[in-house]
Amino acid sequence: PTQTFPTSPFSFSIHRMMLGRRCSNAALRRWALCASGTTSSSSPAVSHKAVVPLVIASHKRPLATLSEEDIQEKIQSELPFGSKPLGFPLPFDEHACSVSLPTWSSVVGYEEGEEEVTSAMTCGYPRFVYHPYVLQLAQIFLEQYSIGGEDCLVLPTKEAALRCQSFLQQALEFDSRSISPVDVSLLERPDQPHATPSPNSKIRVESLKEAGVHAVLFPAKTEAGTAAKAYWQHTGEIVSSRRASQALQTLGKSFDKRVTCCPQTGTPTVYHSCESQADTSFEQLQQRLAGWTNVPQENVFLLPSGMATIYKCLRSARRYQLQKNPASKGGSSIVYGFPYLDTLKMCSRAEFSPAGVEFYGKGDAKDLANLERNLQQRPQQQRSALFTEVPSNPLLQCPDLDKLRELADEHDFCLVVDDTIGNFLNIDMIESGLADAVCTSLTKLVSGRGDAIAGSVILNPNTEKGRWMRDDIAQDTDIHGGLFEADARAMVRNSEDFPERNAKINANAEQLADYLQAHPDVEQVWYPKLVAPLYPKYMKQGGGYGGLLSIHLDSHICQRTFYDALDVAKGPSLGTNFTLVCPYTLLAHYHELDFAMSYNVPPNLIRIAVGLEDFDELREKFERALRKSRLHPKISRKTA
């Protein structure tokens with residue numbers, strides 16, 4: 001029931017960078033050049049235009065010359081209402097947070113690093129794939145600061161750069177007696193003495209202060225590039241495409257921009273300006289989130305991604321235990337239920353959680369009993385935090401939060417809930433006093449458009465440790481954790497109609513789940529209404545079950561044919577205004593399918609993030625794909 005994971009090596013699965021499990025940052029940059037159509041791969045140094053694959057010739061026509069009919073045709077043709085070609089950005093936007101993987105073979109090819117697939121990729125999820133603007137920025141750092149034989153990772157704040165430096169020192173130089181890296185949970189305020197890096201390390205931090213970006217430089221070796229990519233992916237402390245765009249402009253570097261065709265009320269096309277604007281986007285976003293969760297604005301903290309919120313809470317929870325007992329290493333972390341992969345990957349690494357992790361991967365009554373017994377039998381062992389999802393991704397399970405709250409109070413650890421799938425308009429984790437901290441990937445449902453990345457931490461004013469974490473995190477000097485103002489501005493704009501969209505997506509998803517549950521071609525549907533009996537207990541009045549469900553097809557249906565035939569957007573991520581589907585287990589656990597299966601996650605599971613389309617249209621698309629996928633008539637179980 002409890003599994004302790006080694007800190008390394010670990011499977012990159014979805015977040016390894018398309019060229020196999022081991023590849024340097026330089027190789028990643030060469031991949032990006034190939035993806036953009038540049039044929040030369042002998043050197044990572046290229047012109048600025050070469051690394052931007054999304055410049056569309058048709059956009060050179062001034063928008064003012066387009067008729068209303070032309071604009072509407074452009075919107076309808078470029079929004080991902082249906083399946084799109086391999087490598088197509090989802091949505092059609094320079095800041096797209098997903099990419100089209102329209103066939104089963106393209107998903108496998110992505111995981112296997114097949115050139116036919118990787119060369120067609122124009123973008124990817126920002127934590128999995130370095131954006132072309134970010135790669136361009138990294139090259140500038142190397143040209144200005146490298147002493148030769150080095151590579152680098154760009155980061156949004158000095159504090160994040162120091163944390164990454166410490167992480168890489170521990171991962172790569174731990175066997176050197178002359179290196180004494182500091183605990184990353186202490187690296188929040190760079191003016192403190194313990195933040196001083198070791199002078200003997202080959203890993204160093206450099207800054208382009210005028211552009212507001214920083215980088216960690218390290219030896220250009222495969223293992224170093226792999227470790228740096230792991231930090232970027234697991235922690236979510238990333239430089240967004242908007243921040244990189246602004247930095248390039250500040251540095252006077254020319255590069256192509258283009259127009260997005262995602263519609264918005266009154267503005268069917270939006271130009272993404274990279275110029276700084278004096279506004280109050282951070283405060284507006286905090287106020288909006290505070291209003292939705294009924295907490296003071298000071299309890300809302302913004303971060304550059306959803307995973308950055310998990311990382312922020314882990315560091316604060318560890319400091320809570322270190323304050324009580326400096327010898328505790330901050331306590332071990334607990335991951336309860338089968339989670340999104342990077343939460344477990346991060347907690348499994350000694351650089352992030354030195355005291356280890358306890359994993360209760362099924363989150364059922366047996367796991368709950370085992371957790372309680374282990375806590376009682378080892379009272380001297382401190383725990384930093386218990387991380388759980390409501391509901392979980394991709395099995396849509398819901399833990400017994402009342403019992404977890406009881407255990408957290410009795411044994412004095414923080415209870416952190418990731419509500420990204422359920423979201424705070426549907427479920428109550430704050431006023432109920434169940435969670436000390438609620439982590440949300442705003443990139444998903446709150447934004448909806450899929451063109452901005454951000455996260456939020458809501459600290460509970462109704463719990464003792466929630467108040468402690470609020471006061472602790474308020475001392476951090478990296479304001480908003482590195483979230484860029486233009487991303488906050490985009491999030492404010494995108495989230496304005498979130499309550500209306502959430503209600504529509506709730507209704508669509510419930511209808512689709514009911515339809516698929518009754519369908520003879522579907523063996524299993526995972527959806528909170530169907531598999532999580534405790535979920536309604538935590539629902540708000542007027543709330544719903546969320547927009548995510550997963551399915552497994554019956555044996556007489558070909559999963560591969562079904563996926564290929566389904567005429568909706570297909571790729572990573574979720575929570576978009578358009579329906580987005582993926583074979584989740586293959587994307588997230590391709591190199592550890594046996595591990596996933598051991599926790600009842602089948603290899604052929606198909607995850608469905610329901611959008612705003614008309615339900616009748618969605619039902620027809622699923623029905624059509626199921627009809628095309630039948631290998632033979634359904635055989636009765638009794639007959640078989």
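Position 1 is the first residue of the sequence, and the numbers go up from there.
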When Val531, Ile551, Leu605 are each screened for side-chain contact (heavy atoms from CB on, under 4.5 Å) with Gln524, the one that passes is Val531
No-hydrogen, no-angle side-chain donor-acceptor test under 3.5 Å, Arg449 and Asn577
no
Pairwise side-chain contact, Leu574 with Arg607, heavy-atom cut-off 4.5 Å (strictly under):
yes
What residues form a side chain to side chain donor-acceptor pair (under 3.5 Å) with Asp428, not counting sequence neighbours?
none
Test item: Leu631 and Cys558 side chains (from C-beta on) under 4.5 Å apart, heavy atoms
yes
Answer yes if the side chains of Gln517 and Tyr527 hold a donor-acceptor pair under 3.5 Å, and no otherwise.
no
Has the side chain of Thr122 got a donor or acceptor atom that lies under 3.5 Å from a matching backbone atom of Phe88?
no
List the residues meeting salt bridge (Lys or Arg N to Asp or Glu O under 4.0 Å) with Asp616, not counting sequence neighbours, and say none if there are none.
Arg619
Shortest non-hydrogen separation from Gly450 to Pro91 and the atoms involved:
O-CD, 3.3 Å
Salt bridge or not between Arg489 and Glu283? Use side-chain N to carboxylate O under 4.0 Å.
no
Does the side chain of Leu90 come within less than 4.5 Å of Leu580's, by heavy atoms?
yes
Arg501 side chain to Leu445 main-chain N or O, any donor-acceptor pair under 3.5 Å?
yes
Ring pair (Phe, Tyr, Trp, His ring centres under 6.0 Å) contacts touching residues 486-510 (sequence neighbours left out):
Trp292-Phe498
Which pair of heavy atoms, one from Met539 and one from Gly543, lies closest together, and at what distance?
CE-O, 3.1 Å
Would you say the side chain of Leu101 lies within less than 4.5 Å of the side chain of Pro572, judging by non-hydrogen atoms?
yes
So Asn393 and Leu548, do their side chains get closer than 4.5 Å, heavy atoms only?
yes
Is Phe562 close to Leu553 at the side-chain level, that is, under 4.5 Å between some pair of heavy atoms?
yes
Could you tell me which residues satisfy side chain to side chain contact (heavy atoms under 4.5 Å, CB included) with Glu496, sequence neighbours excluded, listed by chain and number?
Arg288
Lys84 versus Pro102: any side-chain heavy-atom pair under 4.5 Å?
no
OG1 of Thr561 to CG of Leu566, rounded to nearest 0.5 Å, is 12.0 Å
Would you tell me whether His552 and Asn604 have side-chain atoms, one donor and one acceptor, within less than 3.5 Å of each other?
no
Thr443: side chain to side chain contact (heavy atoms under 4.5 Å, CB included) partners, not counting sequence neighbours:
Cys97, Tyr125, Ser441, Ile453
Identified side chain to side chain donor-acceptor pair (under 3.5 Å) counterpart of Asp487 within the set Ser305, Ser241, Ser281, Ser240
Ser240
Distance-only donor-acceptor check, side chains His234 and Asp342, under 3.5 Å
yes
Can you list the residues that meet the side chain to side chain contact (heavy atoms under 4.5 Å, CB included) rule with Asp564, with sequence neighbours excluded?
Thr103, Trp104, Arg560
Pairs involving residues 540-551, ordered by first then second residue, that meet side chain to side chain donor-acceptor pair (under 3.5 Å) (sequence neighbours left out):
none
Quick one: side chains of residues 396-404, donor-acceptor pairs under 3.5 Å with protein atoms, not counting sequence neighbours, listed by atom name and distance.
residue	atom	partner	partner atom	Å
Gln397	NE2	Leu395	O	3.3
Asp400	OD1	Asp402	N	3.4
Asp400	OD1	Lys403	N	3.2
Asp402	OD2	Lys537	NZ	2.8
Asp402	OD2	Tyr538	OH	3.0
Lys403	NZ	Glu372	OE2	3.2
Lys403	NZ	Glu406	OE2	3.1

Can we say Lys504 and Glu500 salt-bridge, meaning some charged N sits less than 4.0 Å from an Asp/Glu carboxylate O?
no
Minimum heavy-atom separation for Cys123 to Ala96, with atom names?
SG-CB, 4.5 Å
Any salt bridge linking Arg627 with Asp521? Criterion: basic side-chain nitrogen under 4.0 Å from a carboxylate oxygen.
no
Ala385 meets the side chain to side chain contact (heavy atoms under 4.5 Å, CB included) criterion, sequence neighbours left out, with Ala317, Phe387, Cys414, Val416
Quick one, Tyr599 with Phe359, criterion ring-ring contact (aromatic ring centres under 6.0 Å, His included). Give me CA distance, side-chain angles, the key distance, then yes/no.
CA-CA 11 Å; Tyr599 292 97; Phe359 180 42; 5.1 Å; yes
Taking all atoms of both residues into account, what is the closest heavy-atom pair of Lys621 and Asp567, and its distance?
NZ-O, 2.9 Å
Does Val522 offer a backbone N or O that forms a donor-acceptor pair with the side chain of Asp554 under 3.5 Å?
no
With no hydrogens and no angle check, just 3.5 Å: does a side-chain donor-acceptor pair link His131 and Glu94?
no
Heavy-atom donor-acceptor pair, Thr309 side chain to Val457 backbone, under 3.5 Å
no
Tell me, please, which residues at least two apart from Asp419 pass salt bridge (Lys or Arg N to Asp or Glu O under 4.0 Å).
none
Which residue, Val300, Leu459, Leu289, forms the side-chain contact (heavy atoms from CB on, under 4.5 Å) with Val295?
Val300
Identify, with sequence neighbours excluded, every residue that meets side chain to side chain donor-acceptor pair (under 3.5 Å) alongside Asn460.
Asn462
Of all heavy-atom pairs linking Gly422 and Ile427, the shortest is CA-CD1, 4.2 Å
Phe282 side chain reached by Leu302 side chain, heavy atoms, under 4.5 Å
yes
Please enumerate all residues that pass salt bridge (Lys or Arg N to Asp or Glu O under 4.0 Å) together with Glu613, with sequence neighbours excluded.
none
